[in-house]
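Inspection log for the structure reproduced underneath, given as structure tokens.
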Amino acid sequence: MAQTTTTAVFDPWSDPETSNKMAIKALILLLITFILGTLCLQGFNLVFTQVGEDVGAPAQASLITAFPSLVLGIVCFIYGSLGDFVSLKRLVVAGLIALLVGSVFGFVANFFFTANIWTVIIARVLQTAGEQVAGSVFLVITTKYLKPSLKVIFFGLYTAAYQLSASIGVFTAGVLSSIAWQYLFLIPVVTIFFLPTLLKNLPGRQGDNEHVDWIGFTIFGFASAFLTLFFSYMAWWMLGVAVALFAIFAVYIHKAAKPFITPDFFKNTRWLAAISLILLFYFTNYCISPMFNAIGTTVYGMTTAQVSTYIVWAFVCAAVVGTSSGWIMGKIGRQAALITAAVLMIAGFATAALAVNAGFLVLTLTACLFYCGVGLLYSPVFSTVIDTLPQSESGRGVGMNDLVMNVTASIGITVIGGLMGSQSLAGSSITGATGAAAGYANLLLIGAGVILLGLIVFLVFRKKIYSQN
């Protein structure tokens, strides 16, 4: 009788040391992919007004930022949540292919053919949906597989990478605005060559649940989409659809056998208090670049290329502080780091409002102050929110964080962008500015007020948020 022997297949992700080494190799390439994709996002964020004029649709120019931001929020949530259920390898393959298709389509359709706002938007949506897989998978791997001493470091690197890519994107967009903005589309194409190495160093399966709740994802995604579109168009029927879909989603997760997110997730009051911080702190996340570009061109008669050579230094400051954010948080504590970040952001907005007519160099220094706060903010606020959830829900926590972060930023750029375009706040300001400068000063004061409200919420609820830490 033949003896049958079975050889156990060694899972490298079951060994902490091996999994750390493999995770770091994957995280480096994911970070580069994220940098290149975010570079495009920030580049188009700076020049969307010029692109809108070039394609003959200046009134719809803000959609070039609003639609991809909306998609970014939804796919952030889906990617992060799927990290609890399905293969990260499959997510990365799908993401990099979408990024490549969007890049090539965007360049070809708008460079070799007549540029059109919808081909720009479609390409940017594909690019955004593709590049964010790198960011979401980066956060899932960091949360699940890195040892605690490395988690803080890589959260800091993630923050620094975002700000570094923003600085490069602003500078590149400023240069290409005087040549051909279409070349911005081609920047992330190189990431497709990372795929073989990533497939070697990513875990094949996440979690034990074979079921993926596509119905739940679809309902929640459309509900979030209509909510954001309401703020873009102020069409009340869109708000009605959003409310109806959220109600259907609430009924669905109570009735479904295996929903991707359970009602208990939303009954976690510590998480609800913590996520409100992201809702407020990131409302103005996409507003600074277009606002300063508008001030430079309207008040000082500068070109976008000239503006970018100033503003790029604010993002460099954010990258430097972001790289050090883990170390800073370790020295002064998470709560103190979060408070310091908020105070820097408030000070940046408030001093910018007072300095609208003081010269663009002075304004740049206020932007540096603001972005030092932004660079410091991510690590303490992200870890604060994630620590309110059990590890089994960390993927969904990452996804919900990114969803709220990007949807609130999308709503913010829509609201602030609309006020900038209408000049409804121009004329006078308590800062003493007049005319168009007064409008920008008032918008900057609104930004300071939103961040101040976030700080007040944190101070009121911080005992609740950290009650079990």
Side-chain angles (χ1 to χ4, degrees), residues 42 45-50 52-53 58 61-62 65 163 166-167 169-171 173-175 177-178 283-318 321 341-375 409 412-453 455:
Q42 293 293 344
N45 190 27
L46 179 72
V47 300
F48 73 79
T49 302
Q50 178 184 332
E53 292 174 355
S62 63
T65 293
Q163 302 302 342
S167 64
V170 166
F171 182 75
V175 173
S177 66
S178 59
F283 183 81
T284 59
N285 201 35
Y286 294 150
C287 297
I288 287 292
S289 289
M291 199 181 301
F292 273 62
N293 189 31
I295 293 171
T297 54
T298 305
V299 178
Y300 292 95
M302 301 166 68
T303 65
T304 298
Q306 289 173 323
V307 171
S308 69
T309 60
Y310 283 87
I311 297 302
V312 67
W313 296 106
F315 290 101
V316 170
C317 288
V321 175
V343 170
L344 287 170
M345 293 168 70
I346 294 167
F349 266 130
T351 54
L354 294 169
V356 169
N357 288 316
F360 208 78
L361 178 59
V362 176
L363 273 174
T364 302
L365 294 176
T366 67
C368 290
L369 188 63
F370 174 83
Y371 272 107
C372 282
V374 172
I413 188 62
T414 302
V415 173
I416 299 296
L419 291 172
M420 275 199 301
S422 67
Q423 290 290 308
S424 58
L425 299 179
S428 63
S429 171
I430 60 172
T431 64
T434 58
Y440 299 124
N442 290 330
L443 288 173
L444 290 163
L445 289 175
I446 290 172
V450 173
I451 306 300
L452 177 60
L453 179 59
L455 178 58

One pair to check against side chain to side chain contact (heavy atoms under 4.5 Å, CB included): N357 and T431. What are the steps and the verdict?
CA-CA 10 Å; N357 288 316; T431 64; over 6 Å; no
To the nearest 0.5 Å, tell me how far [X] [atom1] sits from [Y] [atom2].
{"X": "F370", "Y": "C317", "atom1": "CZ", "atom2": "SG", "result": "13.0 Å"}
{"X": "I295", "Y": "M302", "atom1": "CD1", "atom2": "CE", "result": "11.0 Å"}
{"X": "F315", "Y": "C368", "atom1": "CZ", "atom2": "SG", "result": "10.0 Å"}
{"X": "I311", "Y": "Y371", "atom1": "CD1", "atom2": "OH", "result": "8.0 Å"}

So which heavy atom on [X] is nearest to which on [Y], and how close?
{"X": "Y300", "Y": "G359", "result": "OH-N, 2.9 Å"}
{"X": "V321", "Y": "C372", "result": "CG1-O, 3.4 Å"}
{"X": "T284", "Y": "G447", "result": "CG2-CA, 4.0 Å"}
{"X": "V307", "Y": "G296", "result": "CG2-CA, 4.0 Å"}

I451 and side-chain contact (heavy atoms from CB on, under 4.5 Å): which single residue from I346, V343, L344 fits?
I346
In a check of side-chain contact (heavy atoms from CB on, under 4.5 Å) between L444 and each of T351, L354, V356, which one passes?
V356
Please confirm whether the backbone N or O of [Y] pairs with a side-chain atom of [X], one donor and one acceptor, at under 3.5 Å?
{"X": "N442", "Y": "S428", "answer": "yes"}
{"X": "T366", "Y": "L363", "answer": "yes"}
{"X": "T303", "Y": "Q306", "answer": "yes"}

Does a donor on one side chain sit under 3.5 Å from an acceptor on the other, for Y440 and S429?
no
Any non-hydrogen side-chain atom of F349 less than 4.5 Å from a side-chain atom of I288?
yes
For the residue pair F360 and Y310, categorise the inter-ring angle as parallel (less than 30°), tilted (30 to 60°) or perpendicular (more than 60°).
perpendicular
